[in-house]
Amino acid sequence: MLRSERHARILEHVSARGSVGVRELSGLLDVSGATVRRDLEHLSGQHLLRRTRGGAEVGTVGLEVPLQHRAERLLPEKRAIARAAAALVPQGAVVGMNGGTTVTEIARLLAARGPFTAVTNAVNIAAELVLHRHVTLVVVGGDARNASYELVGPIAERTLAGVHTDITFLGVDGVGAAHGCTTYDQLEAATDRAFAGASARTVVVADHTKVGRATFAKICPLTDIALLVTDTDAPAAELERISAAGVRTVVA
């Protein structure tokens, strides 16, 4: 297991449990206690969790796992989702993209394929796309979030109110029949809503860990999205409930 993936697993486990011991993490990750302790010291030094005697607990930053610790997590699933999503985009389309690791994979596929116009608030996606001469890039401004590399807030919302996209890909932190689409941050949720409002078709891309899950800030109800693209490990019962709510699902 890569160090970055190990750190992501630790943060996710601590977030889910509230607190956890070194022995439990050692068994979960199949590594030595010394390795776990080094990992916890590193993550504590970044203020992503709080070190305790014998383990760690949720820190003051909150429950959101920063993007750099999610990049390698479930990468085959995210790439499968990205391939299915990119196939929905016609040549030369105007494509809205918020942040997240799965949406980043979609951006890479579209950039390699041919000309299109990208409208994004993710600085990491913009940094990659600006290198491609055949991509027309529109970067949505706003306040930068270091957890997601996204620009959010009133400036972003005003910009999105003045554009129209053919299709928008939304990465979310939770999607389900009961609560619709959710994320961790209220400003990010409002900007994501603006992306959906500016688009002819909104497609949510989410790996199986997000399906059936709800986080703090509501983006939109399921009625605001046209399609959910997920992977084969998504819970079938929840996908049926989402389909019953009128949202088509594609399992990659």
Side-chain angles (χ1 to χ4, degrees), residues 15 48 58 60-70 81 85 93-107 117-127 129 137-207 209-230 242 245-247:
S15 294
L48 296 173
V58 173
T60 56
V61 169
L63 301 180
E64 184 175 10
V65 180
L67 185 71
Q68 67 268 32
H69 294 291
R70 292 184 271 125
I81 292 169
V94 180
V95 183
M97 292 179 284
N98 71 346
T101 52
T102 304
V103 179
T104 301
E105 294 297 329
I106 297 171
T117 297
V119 180
T120 186
N121 68 328
V123 293
N124 64 307
I125 291 175
L129 294 183
L137 175 63
V138 178
V139 181
V140 175
D143 299 319
R145 294 198 67 235
N146 58 14
S148 64
Y149 301 168
E150 289 179 87
L151 304 171
V152 300
I155 295 174
E157 292 162 40
R158 285 197 296 270
T159 302
L160 289 165
V163 303
H164 173 78
T165 59
D166 298 308
I167 186 169
T168 283
F169 294 112
L170 284 186
V172 300
D173 293 302
V175 56
H179 300 285
C181 302
T182 57
T183 189
Y184 287 101
D185 182 78
Q186 287 178 302
L187 284 178
E188 191 169 305
T191 301
D192 289 347
R193 264 195 308 278
F195 264 110
S199 188
R201 189 185 191 199
T202 299
V203 176
V204 168
V205 289
D207 67 65
T209 65
K210 316 287 180 60
V211 178
R213 180 186 186 190
T215 55
F216 173 66
K218 187 164 186 175
I219 299 170
C220 62
L222 286 182
T223 51
D224 287 359
I225 68 174
L227 182 68
L228 166 66
V229 185
T230 187
I242 291 171
V247 177

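Hydrogens, waters and symmetry mates play no part in the numbers below; they use all other heavy atoms, side chains included. In what follows, residues are counted from 1 in the order of the sequence shown.
Nearest heavy atom pair, residue F216 against residue Y184, reads CD2-O, 3.5 Å. Across every non-hydrogen atom of V211 and I242, the tightest pair is CG1-CD1, 4.3 Å. Pairing each heavy atom of L137 with each of A126, the nearest pair is CD2-O, 3.6 Å. The minimum heavy-atom distance linking L170 with V103 is given by the pair C-CG2, 4.2 Å. What you find for A206 and V172 is that their closest heavy atoms are CB-CG2, 4.2 Å.
Checking side-chain atoms of T215 against main-chain N and O of T183 turns up a donor-acceptor pair under 3.5 Å.
Separation of atoms CD1 (I219) and CD (E188) is listed at 7.5 Å; rounding is to 0.5 Å. L151 CG to N98 CG: the interatomic distance, rounded to the nearest 0.5 Å, is 12.0 Å. In this structure, OG on S148 lies 7.5 Å from CG on D185, to the nearest 0.5 angstrom. Separation of atoms CG (N121) and CZ (R145) is listed at 10.5 Å; rounding is to 0.5 Å.
Every side-chain contact (heavy atoms from CB on, under 4.5 Å) that A226 has, sequence neighbours left out, goes to R201. Residues passing the side-chain contact (heavy atoms from CB on, under 4.5 Å) test with A214 are H179, T182, sequence neighbours excluded. A85 pairs by the side-chain contact (heavy atoms from CB on, under 4.5 Å) definition with I106, F169, V205, not counting sequence neighbours. Every residue meeting the side-chain contact (heavy atoms from CB on, under 4.5 Å) condition with A107, not counting sequence neighbours, appears here in chain and number order: M97, I125, L129.
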Donor-acceptor list for residues 156-165 side chains, cut-off 3.5 Å, not counting sequence neighbours:
{"unit_1": "T159", "atom_1": "OG1", "unit_2": "I155", "atom_2": "O", "d": "3.0"}
{"unit_1": "H164", "atom_1": "ND1", "unit_2": "A198", "atom_2": "O", "d": "3.4"}
{"unit_1": "T165", "atom_1": "OG1", "unit_2": "T168", "atom_2": "OG1", "d": "3.0"}
{"unit_1": "T165", "atom_1": "OG1", "unit_2": "S199", "atom_2": "OG", "d": "3.1"}

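Residues E150 and T191 bring no donor and acceptor atom of their side chains to less than 3.5 Å of each other.
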